[in-house]
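What's counted below: heavy atoms across the whole structure, side chains too, no hydrogens, waters or symmetry copies.
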Amino acid sequence: MKKASNNISIFYQGLAEIHKIRSGLLSLIIAGSVFNALSPFINIYMSGLIINGIANKQPFEHLLFLVLLTVSINLIIGMIASVFRHLIAIHKQEFNARYQMQQSSKISRMDYVVAESPETYRLRQKIIDHANANNAGIIGLPSSIQNLIEAFFTILFSISLTVSLFFTPVSTENWLNTIITSPLTSIFVLLMICISVIVSMHANAVMTKKLYVILGEATQFNKIYNYYIENYLCNYNQGKDIRIYNQKDLIKSECSGLLDTVMNRMIKKLTRNQINSSVTATIAANFLDCIIYLYIGIKALLGLIHVGGIIQYIGSITQFSAGFTKFLTQLALIKANNEALKLYFEFMHLPETIEKGTQTIKTHNHDEFEIEFINVSFQYPGTDTYALKNINLKLKSGKRFAVVGMNGSGKTTLIKLLCRLYEPTAGKITLNGIDIQEYKLDEYIALFGVVFQDFKLFSFSLAQNIAANNEIDQNFAELCLERSGFSERMHTMPQRLDTSIHKDFDEDGIEISGGEAQKIALARALYKNAPFIVLDEPTAALDPIAEYEIFNHFNQIIENKTAVYISHRLSSCRFCSDIIVLHDGELIQYGSHDTLLADTNGKYFELWHAQAQYYCD
C-alpha cells in the first residue's frame, strides 16, 4: 500500500512539474484526447444507424442525410483533432526545450562544488541515459499521459454505446429467449469480458515490466555508442587523430562489437518477451471475440437487436477491449517510469546552499580593495584530504601576484575560492575586513574578470562572446581586442565584431585557433572592467612572439587593476611583484622573484632552475 501511495505521489509530482514547465500542455492533451478517442465511435454509431435504415427500407433521402451527416461530423471532429494534435506537438517541443533549460538553470544555481562533483555528473548522466534508452523520465511523461487519457475516454465512450446490450427486456417467448435475456447471462458475459481483459492486462503488464528491464540493459550500450558518434564520427575536431592513427577500424570494430553482442542479445530478449506476451493476449482476445460474437449473434437472430446494433456493439466492445488494455498498459508504463522520475526529482532537489549575502559592496577606487585569506582550508566533498590547508594571504589592490606550484598543489582551488565558486571548509576570506559571504553574491563576483584554463567561447558573434551580453559597447570591445592582441585578426573577419565564432549556427562563421581563442577570452575579461583580473595560464596557447607582446605590455593591458596570475612558465612570472608558492595544498613561500630565487633551498628555486636549464645551454 505504501509503495502504491509513493507511486501515486511521484506521478502527481510529475504532473505538477509538467504544468510548471509548460502550463497549458496538460489541458491541451485532455481536450485532444477526447476528440481522438471520439473519432472511431462516430463511425461505429452512424454506421449502425445507416445499416438499420437500409434494413428498414427507409427513404433514400434519409439515408443520404445520414451519410452526409456522418461525413460532416467526421470532418469536423477530424479537423478539431488535427488542430489539437498540432498544438500539442508545438507545446511538446516547447516543453522539451524548457525541460532542458530548467536543468541547465538548476546547475547554474547550485554550489559550483556540487555542480562539478562526480556524484552530480553521474546522476545527470543517469537521467540522460534513461531518456535515450526508452524516453523515460519527465521527458516521456506527457506522451504516456496522453495515451492514458485517450484510453480512458475510449473506455467511457465504448461503455456508453454498449450498456444497452446488457439490459434487453427479459423475454419468455421460448427457452432460448429466456436464457439469452436473463440477467445472469448478462452478468456471465460481463464477467468473461472482465476476465479476458484482466488476462490481457496481466500479459501486457508483465511484458512492460520486462521491457523496461531489457531496455535498461541498453543504457550502457547507448552511452558508449553515443560517445563514439558524438565525440568521434560527428566531431570534425577529432578527424585529425582518426586519420593519423587510423582509428576508424578501431571505432568500427567497437561499434560493430556493441551491435553484435548487446543489441542482438537485446533484440532476442525483446522478441521473446513480445511473443510470450502476445500469445497470452491473443488467446484472451480470441476467447473474448467468441463470447461476444455468440452473445450478439444469438440476440440478433432472435430479433432482440437490430442488424445495425451488431455493428455498434461489436465495434464498441472491440474498442473497449483495446482501450482497457491500453489504459492498463499505460499505467504499468507510468509505474515503471517512476524510477526515472525519482532520479529527475533527486537532481532538481540537490542543494543550493551557497550563501548569497545581503551586504552591498561600497564603491571604492581600485586601490582600496584588499582581500585576505585567514587560515583558509578546503576539502572537496566526500574526501578526507585537504586541497588547501591553513592558507594565510593578503591580496592588495594594484599589485601583480603570481601563483606557482606543481600540478595538484592547489593553485586552481585557490582561485575558485577567491572567486567564491567554492566556500572554505575552514577559516574565512575577507574583503576589506568583512567576510565575503556577507556580501551579495552577484556584487562580489562582479569584482573579477577571469580567464580560466578551460575557458569556453560560444557559437555567438565575436561581440557577444566579449560582452557576454546583447548590449555591446562597440568601441570598448574593439579596444579590449586591441589590448589582447586580436585587433589585427578582427579586421580580416567578414563582419568584424558581428562575425560568428564557429559555424554551428552560421555558415559564414569562422574557425579560430587556440591562441586566437585565448586572446578573445582575455579581451572578455578586460571588457568586464572588474578591479581584479585573474589569469589561469593565459598564454599557454600563444606563440612566443604573441606571448612576449602580452608580457611586454602587461601593465598597460591590466592598467591599475589587481592581477592574479597562474602559470607553469616561471619565466613569465618575473613581471609580478609578489609570487605565491603552493605545495601539497600549503603556502610554503611568498615574496618577489629575486627574494625567492635567493633561497637556494626553496621550492621556487627548484622549480625555476628545473625550467631554466633548458634555456641556459
ask   = Are side-chain heavy atoms of Leu414 and Val564 found at a separation under 4.5 Å?
value = no
message = For His609 and Phe605, take the angle between the two ring planes, folded into 0 to 90°, and tell me which bin it lands in: parallel under 30, tilted 30 to 60, perpendicular over 60.
response = tilted
query = CD1 of Ile436 to CD of Glu443: how many Å apart, nearest 0.5 Å?
reply = 13.5 Å
ask   = Between Arg420 and Gln437, is any pair of side-chain heavy atoms under 4.5 Å apart?
value = yes
ask   = Should the ring pair Tyr444 and Tyr439 be called parallel, tilted or perpendicular, given that the plane angle runs from 0 to 90° and is split at 30 and 60?
value = parallel
query = Is the shortest distance from a Lys or Arg side-chain nitrogen in Glu516 or Lys519 to a carboxylate oxygen in the other one below 4.0 Å?
reply = no
key: Note, Pro494 side chain near Ile510 side chain (heavy atom, < 4.5 Å)   = yes
Beyond-backbone contact of Val404 with Lys603, side-chain heavy atoms, under 4.5 angstrom = no
query = Looking only at heavy atoms, which two atoms of Arg489 and Glu511 are closest? And how far apart?
reply = NH2-O, 3.9 Å
message = Given 3.5 Å as the limit, does a donor-acceptor pair link the side chain of Asp435 with the main chain of Thr430, or not?
response = no
remark   = Nearest heavy-atom approach of Leu341 to Gly137 is CD2-C, 3.9 Å
request  = Evaluate side chain to side chain contact (heavy atoms under 4.5 Å, CB included) for Asp536 paired with Ile415, printing each intermediate quantity in order.
outcome  = CA-CA 9 Å; Asp536 187 354; Ile415 296 305; 5.9 Å; no
key: Residue Lys428 excluded, over 12 heavy atoms near NZ under 6.0 Å   = no
task = Please indicate whether Lys396 has more than 12 foreign heavy atoms, meaning atoms of other residues, nucleotides or ligands, lying under 6.0 Å from its NZ.
result = no
ask   = Any side-chain heavy atom of Pro424 sitting closer than 4.5 Å to one from Ile429?
value = yes
ask   = Between Asp498 and Ala463, is there a donor-acceptor pair closer than 3.5 Å when you use the side chain of the first and the backbone of the second?
value = no
ask   = Which is it for Lys106 and Arg109 under the side chain to side chain contact (heavy atoms under 4.5 Å, CB included) test, yes or no, and what are the steps along the way?
value = CA-CA 5 Å; Lys106 173 65 181 179; Arg109 295 193 305 270; 3.7 Å; yes
task = Using modelled atom types only, decide if a donor and an acceptor are shared between the side chain of Thr562 and the backbone of Gly398 within a distance under 3.5 Å.
result = yes
key: Under 3.5 Å: donor-acceptor pair, side chain of Gln589, backbone of Gly602   = no
inquiry  = Using side chain to side chain contact (heavy atoms under 4.5 Å, CB included), reason through Ile501 and Ile512 one step at a time and then give a plain yes or no.
reply    = CA-CA 8 Å; Ile501 302 297; Ile512 54 176; 4.0 Å; yes
task = Kindly give the heavy-atom pair with the smallest separation between Gln379 and Asp384, and that separation in Å.
result = NE2-O, 2.8 Å
key: Point-to-point distance, once rounded to the nearest 0.5 Å, from CZ of Phe378 to OG1 of Thr425   = 5.0 Å
ask   = Side chains of Leu421 and Phe448: closer than 4.5 Å at any heavy-atom pair?
value = no
ask   = Do other residues, nucleotides or ligands put more than 12 heavy atoms under 6.0 Å from the CZ atom of Phe476?
value = yes
key: Value rounded to 0.5 Å, distance of CD in Glu478 from CD in Gln474   = 7.0 Å
message = Closer than 3.5 angstrom, by distance alone: can the side chain of Tyr527 be matched with the main-chain N or O of Asp473 as a donor-acceptor pair?
response = yes
message = Please give me the minimum heavy-atom distance between Leu462 and Leu481, naming the atom from each residue.
response = CD2-CD1, 3.9 Å
key: More than 12 heavy atoms from other groups under 6.0 Å of CE on Met493   = yes
note = For Leu582 and Ser409 the tightest heavy-atom approach is O-CB, 3.5 Å
query = Does Ile580 reach the side chain of Leu587, with side-chain heavy atoms less than 4.5 Å apart?
reply = yes
query = If you take all heavy atoms of Ala521 and Val451, which pair is closest and at what distance?
reply = O-CG2, 3.5 Å
query = Taking atom CE of Met348 as the centre, does the number of heavy atoms from other residues, nucleotides or ligands within less than 6.0 Å exceed 12?
reply = yes
query = So, do Trp608 and His593 sit near enough that their side-chain heavy atoms are less than 4.5 Å apart?
reply = yes
key: Heavy-atom donor-acceptor pair, Asp578 side chain to Ser592 backbone, under 3.5 Å   = no
ask   = From Ile374 CD1 over to Ile391 CD1, what is the distance, rounded to the nearest 0.5 angstrom?
value = 13.0 Å
request  = Could you tell me the separation between the CG atom of Leu607 and the CG atom of Leu597, rounded to the nearest 0.5 Å?
outcome  = 11.0 Å
query = Is there a donor in the side chain of Thr413 and an acceptor in the side chain of Tyr380, or the other way round, less than 3.5 Å apart?
reply = yes
ask   = If you round to the nearest 0.5 Å, how far is CD1 of Ile466 from CG of Leu522?
value = 10.5 Å
ask   = Is a side-chain donor or acceptor of Gln464 paired with a backbone partner of Ser461 at a separation under 3.5 angstrom?
value = yes
inquiry  = Are more than 12 heavy atoms, taken from residues, nucleotides or ligands other than Lys389, located less than 6.0 Å from that residue's NZ atom?
reply    = no
key: Test log, rule side chain to side chain contact (heavy atoms under 4.5 Å, CB included), inputs Phe373 and Leu417   = CA-CA 9 Å; Phe373 285 66; Leu417 283 165; 4.2 Å; yes
key: No-hydrogen, no-angle side-chain donor-acceptor test under 3.5 Å, Gln102 and Tyr344   = yes
